[in-house]
Amino acid sequence: MKKLRLLYIIPVILFATILLATDFNEYAEENNNRTFTRQTAESTEYFDQMMSALTHPRCLNCHPSDNKPKQGIEAHPHYFGVERGKDDHGFTATNCNTCHQEENNDFSGVPGAPHWGLAPASMNWEGLSKTEIATSMMDKSRNGGKTPKEILKHLTEDPLVLWAWNPGIDAAGNPREKPPISKEAYIAAVKGWFEAGAVIPQ
Amino acid sequence: MKISFNINGQPQSVEIEDPNTPLLWVVRDMLDLKGTKFGCGKAACGACTLHVEGEAVRSCSYAVKFAEGKNVVTIEGLGDRENPHPVQQAWIEHVVPQCGYCQPGFIMATAALLAKNPNPTDEDIDNNIVNVCRCATYTRMRKAIHRAADLTPSSKVLNE
Ligand code: FES
Ligand code: FES
């Protein structure tokens, strides 16, 4: 008799378990969706802020798609026929460091920062959409094998990247235009975007 | 502030108020080496080209503080009448200069190119020798650069 009662109880427990599991799955799914939606809204905002800086000529001028660095806010081809060269730093004898040093030069109006040079050709951003830029930036096969953590560091700590907020003066003594958001807001946006999962809006 | 470097093989120290002063001004006005010229002052013409650690540098756009501890060579240190550098020799053979003002910069840029590329093609010359000559001596310069390449034993350009 005891054995028979047990036989009734087992399916009941099983049924209850399935019900609970279904409930839980639905909750989890809903919760996940809710989390995902919230993250996307948040990260999209961070993304847009970050991209407002990364698509500014101060950044894009050194991410050319034709191997010719650009100059100025109107992004004209670099004077004197300067090109990428073999190592992203110009030609053999006339290279970036012929004129650009580790700091801006206020006497000549020539900008400068550590390791002045072009971003690698695989990081050609000129003409790309924000989504395409972010996709290339996060793609290990194009970003020099960098992990998201390393990209975050590059974006927020590399002195050449941050030079965009200290672009110096031109030869006429006029200050160069900076990206549309402050350096602090940019760094906060980049960090926020990565913390929210680095979701690239499609 | 005291800044020390080697110039044309000699140790040199300068006392300077603003370490961002262009090396060109120090070379010309403090060290009285007038061969290096001021043309544009904005790294556009190349008249001020000299060598820092064997690299062509536009000294109007090079803060003297960056020269600390380095080897600087100006046109005065490249060669002399008795022992001209192959580039100077070729320049003489082809009677390159007209007014002459831009020539030290071109000669220094060419010497730096030959040190890295002893046999430059016309394309290499177009890419690397981008100084400006208002007298337009470019055709003679090109010939002289090829001649300098012929005259250049690799040991000569590398012993700076
Ligand atoms: S004077 Fe330096 S490049 Fe013209
Ligand atoms: S020879 Fe006159 S500027 Fe070149």
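The basis for the numbers below is simple: all heavy atoms, side chains too, and nothing from hydrogens, waters or symmetry mates. Below, chains carry the letters A, B, ... as their sequence lines are ordered, and counting in each starts from 1.
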### Task
Answer yes or no: is there a side-chain heavy-atom contact under 4.5 Å between A:R58 and A:E177?
yes

#### Entry: Part of B:Y62 lying under 4.5 Å from any heavy atom of chain A
both

### Task
With a 4.5 angstrom heavy-atom cut-off, could you sort out which part of A:N97 is near chain B: side chain, backbone, both or neither?
backbone

### Summary
Under 4.5 Å to a heavy atom of chain B? For A:Y79 that would be neither

### Message
I'd like to check the side chain to side chain contact (heavy atoms under 4.5 Å, CB included) partners of A:D88; sequence neighbours left out, ordered by chain and number.
### Response
A:R84, A:L118, A:P120

### Task
May I ask you to name which of B:V57, B:N127, B:L113 has the most heavy-atom pairs under 4.5 Å with chain A?
B:N127

### Query
Taking the six-membered ring for Trp, is the centroid-to-centroid distance between B:F106 and B:W91 below 6.0 Å?
no

### Query
Relative to chain B, which segment of A:E83 carries a heavy atom at a distance below 4.5 Å: side chain, backbone, both, or neither?
neither

### Message
Would you say that more than 12 heavy atoms from the other residues, nucleotides or ligands in this model lie under 6.0 Å from the NZ of B:K70, or not?
### Response
yes

### Task
For the residue pair B:H146 and B:I125, establish whether any side-chain heavy-atom pair is separated by less than 4.5 Å.
yes

